[in-house]
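Remarks on the structure that follows.
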Amino acid sequence: MDKRMSIDEVVERIPNGATVAIGGSSISRKPMALVRALARSDRRDLTVIVDVGGPDVDLLLGTGRVAEVIYAFVGFEVLGLAPHFRRARQSQAIRFQEWTEYTVMAGLDAKIKRIPFMPTHATLGTDVLRVNPSFREINDPFGEETLVAVPALKPDVALIHVNYADIQGNGVILGDGHVDVLCAKAAKETFMSCERILSSEELQRFGRDVQILRVYSRGVVEIPWGAHPTGCAPDYRTDLRHLQDYLKAASSEEGWRQYESEFVDVDHPQYLTNHGGPEELVSRLKV
Amino acid sequence: MDKRMSIDEVVERIPNGATVAIGGSSISRKPMALVRALARSDRRDLTVIVDVGGPDVDLLLGTGRVAEVIYAFVGFEVLGLAPHFRRARQSQAIRFQEWTEYTVMAGLDAKIKRIPFMPTHATLGTDVLRVNPSFREINDPFGEETLVAVPALKPDVALIHVNYADIQGNGVILGDGHVDVLCAKAAKETFMSCERILSSEELQRFGRDVQILRVYSRGVVEIPWGAHPTGCAPDYRTDLRHLQDYLKAASSEEGWRQYESEFVDVDHPQYLTNHGGPEELVSRLKV
Amino acid sequence: MPLMSEFSVDEVIITTMARQLKGEVLVSSVTAFGSLAAHLAKRLYAPDLAVLSTPESGMDVTPMPTLTLGQFLTDVQQGIPLTMEDIFDAIFTDHFRIWINPSQIDQYGNTNITCIGDWSRPKVALVGARGIPEDTSHLSETFYYILNHSPRSVVQHVDFRSGAGNGESRQHLGPHGAPTTLVTDLGVFDFRGPQGQMTIKSLHPGVSLEEVQERTGFPIGGGEGDILSTPPPTADDIRLIREADPLEVRKLELMSGPMAAEKFVNIYERERQTLHATYPRVGKLGRG
Amino acid sequence: MPLMSEFSVDEVIITTMARQLKGEVLVSSVTAFGSLAAHLAKRLYAPDLAVLSTPESGMDVTPMPTLTLGQFLTDVQQGIPLTMEDIFDAIFTDHFRIWINPSQIDQYGNTNITCIGDWSRPKVALVGARGIPEDTSHLSETFYYILNHSPRSVVQHVDFRSGAGNGESRQHLGPHGAPTTLVTDLGVFDFRGPQGQMTIKSLHPGVSLEEVQERTGFPIGGGEGDILSTPPPTADDIRLIREADPLEVRKLELMSGPMAAEKFVNIYERERQTLHATYPRVGKLGRG
């Protein structure tokens with residue numbers, strides 16, 4: 001089955017109010033081209049699930065697409081805090097659920113295994129358990145232990161970006177896998193952008209680096225630089241310059257409007273052109 | 001750390017009454033050289049945990065080493081039933097716990113994640129739930145569902161056989177991984193035999209085929225043909241001829257005594273010699 | 001067994017099995033019949049199937065029914081390697097299909113591969129429930145085949161429920177995992193009885209209702225009115241099955257006793273040569 | 001900050017961190033300080049450590065403190081790739097160590113990276129608890145470092161417990177995950193108080209007890225009698241740190257404001273060239 005589609009076709013499959021899980025980790029391998037398309041769409045009231053969020057969550061908050069965020073972390077790593085996330089948290093503009101890295105994984109895994117919850121000791125003794133409205137304390141049926149029941153997370157859609165894919169929807173991830181496989185398996189529909197589409201034969205040569213299995217993919221979009229400004233190892237490193245500009249832009253209303261018009265409200269080819277084109281990106285970001 | 005040891009040193013680390021998890025699957029990649037050494041030792045009252053057992057379980061039963069078997073399956077695949085297992089089950093000579101493929105995995109995973117149980121729907125509506133003394137029915141804390149709580153399985157020792165390893169205890173598995181990684185992570189001490197020891201540099205080139213991480217390995221033994229008579233893809237296929245002879249031998253007391261003296265109560269070099277030597281095995285079993 | 005001039009009963013069964021498979025799901029090929037059904041389905045009926053070479057090893061390779069479950073072919077052809085976790089995640093998310101060959105199946109579709117007689121003191125200890133409990137609590141389609149339809153294999157009550165059928169077994173289970181289809185050497189059966197009991201869907205060419213009833217351990221429904229005849233294999237079906245299984249590994253599943261042993265040895269000797277000829281060993285060590 | 005003629009405070013801190021690491025465990029190197037401590041420990045103090053290039057990516061490669069968390073180095077040097085599941089399994093089985101750099105730590109060793117002020121209406125929203133709850137419920141040793149010891153970072157009560165310390169936080173937890181060591185720019189602290197409160201273990205060369213008390217948000221114990229002096233870095237320690245971090249990425253963690261921004265840009269420009277020179281890109285596509 002040929003699952004290739006366009007960026008816009010992916011956005012069309014995401015309704016208002018959808019729960020969207022996003023792969024990658026902070027400033028690494030985020031499906032930013034898909035996220036930008038969603039950010040400039042008129043979708044609203046999305047619930048976003050991330051394990052480790054970054055510019056993805058921040059951008060969707062910045063353009064007002066989000067009603068709730070479920071997260072273990074949202075930040076820009078070495079660059080500091082996520083400006084729209086920080087503002088939204090402080091102004092209580094939307095809902096936030098404080099999870100943790102493993103509990104997000106456990107929640108997705110519970111959905112995959114069709115069980116209502118996964119037990120863990122994680123979050124006991126912390127305030128995450130106090131402020132998270134979804135967790136429950138339970139007792140071990142075999143003994144005396146107190147455990148936390150982490151409920152299943154049920155994304156409607158997963159968005160991930162991979163190095164290579166075939167048209168059938170198998171995907172190769174060469175660097176950190178992050179929680180992409182869990183997102184892909186847990187979501188009702190998974191859409192995957194990739195740096196390059198390869199033949200299925202070429203793809204099979206990657207062996208266990210073929211981490212996304214086609215039975216879980218609904219659509220594949222070939223988008224070179226599709227993770228930019230986050231990194232996509234080993235193809236390109238994180239564009240910390242661009243992210244610095246992002247942070248500066250997000251600090252004023254005018255700056256943000258300017259950023260949006262230049263880097264959000266444009267299609268992907270124009271986005272690359274506004275960075276001086278792929279050649280310029282190669283010279284700065286390929287190692 | 002150089003973790004190389006001899007077969008006998010591995011057996012020395014397994015006390016009477018130990019719980020031993022064995023990797024591989026039925027007639028594939030069983031750590032048979034280690035199992036044979038255990039079978040000819042004077043160890044007793046072992047509890048054996050297997051997901052899919054075969055000649056490993058059968059041999060340890062045949063030489064009287066075992067007090068209890070926890071298993072999802074014990075058999076010789078295309079060749080039929082496991083003779084000593086069958087006899088022991090029918091004569092109620094020792095204890096047996098009926099588990100299933102996923103619940104064994106879940107029990108090991110619970111141990112790894114230091115939780116007392118994993119919830120699942122598997123075994124509901126079956127007699128496994130009725131006869132398994134370890135499982136409990138529980139209620140979903142979030143809803144009305146009935147679930148099965150699978151308790152943690154806690155092996156003292158894991159025995160696995162891999163294609164290649166380094167002296168630090170990293171292991172490469174090229175074919176099916178079966179439940180070897182779960183066994184290695186769950187056990188207090190994991191001992192690994194391998195077809196060949198490679199340098200750590202060579203080993204790293206296998207990427208994600210390096211499935212056993214050295215932090216989980218206690219000892220490494222280089223034993224070419226260490227899985228024989230089970231197969232070790234892609235190095236050699238299952239020796240169905242030998243297994244047919246095994247089945248025939250196990251059908252009479254005299255046959256079994258003969259088999260033991262020729263193939264169990266001998267060290268590994270003699271074992272290979274009694275098969276006509278490695279060259280003979282190559283000609284029959286390498287593809 | 002009915003006589004068929006142009007095709008044999010194994011070919012009718014495999015073709016029927018193949019025609020049940022559909023969609024984009026992983027298909028296990030752990031038995032010769034299951035393997036050939038998956039292969040045939042992929043070629044003719046359901047091109048999106050992701051066929052596994054063995055239950056947990058390689059996806060999207062052409063499986064061959066070998067005595068050692070195709071483990072070599074997997075490696076040599078590569079395919080996409082899966083883990084056991086991948087397999088069970090595919091079961092839990094209903095992206096998996098398997099043709100299960102139970103020792104007993106009963107009127108509710110409960111199945112047994114564990115023991116004959118009482119579990120705690122079995123007359124015959126078989127192999128254990130393996131992964132059947134997982135299949136019968138999670139898959140939206142569960143498929144069974146039995147090659148020797150008899151009152152000992154198609155029974156009123158299984159001695160042990162390794163797999164959950166309809167009726168009482170569904171008490172704590174939803175519809176997921178309920179039995180879908182049974183194919184035997186006599187016909188095709190589904191589970192449309194009032195409490196999900198087994199009913200006749202079609203009979204293979206030349207099989208009579210009386211014969212089915214005689215060889216079934218309980219009064220079977222669905223025999224009222226006109227009974228459909230199982231659509232026979234086409235020339236393409238037959239050709240593909242024979243090409244894919246030149247050593248006739250599938251025939252072993254139909255045999256027992258000395259005949260089986262002889263054929264087994266014969267296949268085992270020829271298998272290695274065939275593998276050598278078809279897939280010359282690639283000398284490789286690690287990546288790049 | 002005390003003046004030191006032969007080494008700087010970051011080198012004291014990193015050396016002290018390195019000397020805490022032992023055994024055969026995975027060591028995260030997610031920050032420059034953590035990365036350099038892991039590297040130094042592996043070279044001089046604990047050769048069996050399995051150092052990760054980033055938290056979940058490559059095992060047994062030499063990590064370098066890069067701005068983008070070393071993701072390229074991982075790939076180019078390969079190492080043994082791990083999954084997030086591997087990382088958390090290592091945490092749960094206590095085969096993992098990490099130096100955590102919290103925004104706040106309190107007298108019981110509770111730590112905060114989530115928010116300043118009340119969670120539901122924070123004065124400053126930080127980043128979320130990330131994986132700290134997992135560490136503080138499972139690891140037999142949990143390590144913290146803080147580079148600017150002050151009453152705002154070493155506090156009586158954290159505003160939010162991202163990580164579980166001693167005292168009340170241990171109610172449903174065993175000893176696993178309890179705080180072991182805090183290293184700051186002033187000294188080394190452990191948790192030997194009656195209810196596991198923070199106590200002084202040693203002070204860095206030139207640091208006084210008064211200074212520590214002044215810059216700590218609660219009365220700190222362990223200052224009775226002779227106070228140990230933190231063993232200084234050796235010439236080897238210093239050399240290895242400087243060799244491993246020629247661009248001085250570690251200095252960024254000590255800075256803020258315009259100086260940090262300037263250094264940041266400077267490092268970012270030079271980093272790529274350094275990577276190019278050190279690890280020429282290997283053109284590879286897939287296996288074999």
Side-chain angles (χ1 to χ4, degrees), chain A residues 100-103 105-107 109-124 129 132-154 163 171-177 180-182 204-213 233-234, chain B residues 100-103 105-107 109-124 129 132-154 163 171-177 180-182 204-213 233-234:
Chain A
T100 71
E101 277 192 83
Y102 173 69
T103 54
M105 292 166 66
D109 203 26
K111 165 62 170 60
I112 292 165
K113 295 186 163 52
R114 206 181 290 167
I115 49 178
F117 73 100
M118 290 283 269
T120 182
H121 292 108
T123 76
L124 287 171
L129 185 55
N132 183 306
S134 302
F135 293 177
R136 292 258 196 303
E137 282 189 55
I138 58 168
N139 290 313
D140 167 17
F142 296 99
E144 299 292 300
E145 282 181 82
T146 298
L147 295 159
V148 176
V150 176
L153 287 169
K154 301 182 177 177
N163 299 91
V172 166
I173 298 175
L174 292 175
D176 297 352
D180 291 32
V181 172
L182 288 169
Q204 285 205 2
R205 298 184 59 226
F206 286 90
R208 293 192 190 280
D209 290 327
V210 182
Q211 295 191 46
I212 306 298
L213 304 179
Chain B
T100 72
E101 276 192 83
Y102 172 71
T103 54
M105 294 167 64
D109 203 26
K111 165 63 169 60
I112 294 165
K113 296 186 162 53
R114 205 181 290 167
I115 48 178
F117 74 99
M118 290 284 269
T120 181
H121 293 108
T123 74
L124 287 171
L129 184 56
N132 183 306
S134 303
F135 294 177
R136 292 259 198 301
E137 282 188 54
I138 59 169
N139 291 313
D140 167 16
F142 297 100
E144 300 291 301
E145 281 181 83
T146 298
L147 294 159
V148 176
V150 176
L153 287 170
K154 302 181 176 176
N163 300 91
V172 166
I173 299 175
L174 292 175
D176 297 351
D180 290 33
V181 172
L182 288 169
Q204 285 206 2
R205 299 184 59 225
F206 286 90
R208 293 191 190 280
D209 290 327
V210 183
Q211 294 191 47
I212 306 298
L213 304 179

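Excluded from the calculations below are hydrogen atoms, water molecules and symmetry mates; all remaining heavy atoms, backbone and side chain alike, are included. Every chain is numbered from 1 and lettered A, B, ... according to where its sequence line falls, protein lines coming before strand lines.
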Item to check | Closest non-hydrogen atom pair, Arg208(B) against Asp209(A) | outcome: NE-OD1, 2.9 Å

Checklist entry - What heavy-atom pair brings Ile115(B) and Thr120(A) nearest, and what distance separates the two atoms? => result CG2-CA, 3.7 Å

Next on the checklist: Just so I understand: if I count every heavy-atom pair under 4.5 Å between each of Pro119(A), Pro141(A), Ala149(A), Ala122(A) and chain B, which residue has the most?
Outcome noted: Pro119(A)

Item to check | Gap separating the CE atom of Met118(B) from the CE atom of Met118(A), nearest 0.5 angstrom | outcome: 3.5 Å

Item to check | Part of Gln211(B) within contact of chain A (heavy atom distance under 4.5 Å) | outcome: side chain

Checklist entry - What are the two closest heavy atoms between Pro151(A) and Phe142(B), and how far apart are they? => result CB-CZ, 3.8 Å

Checklist entry - How many angstroms lie between CG in Asp140(B) and CD1 in Ile138(A), if you round to the nearest 0.5 Å? => result 9.5 Å

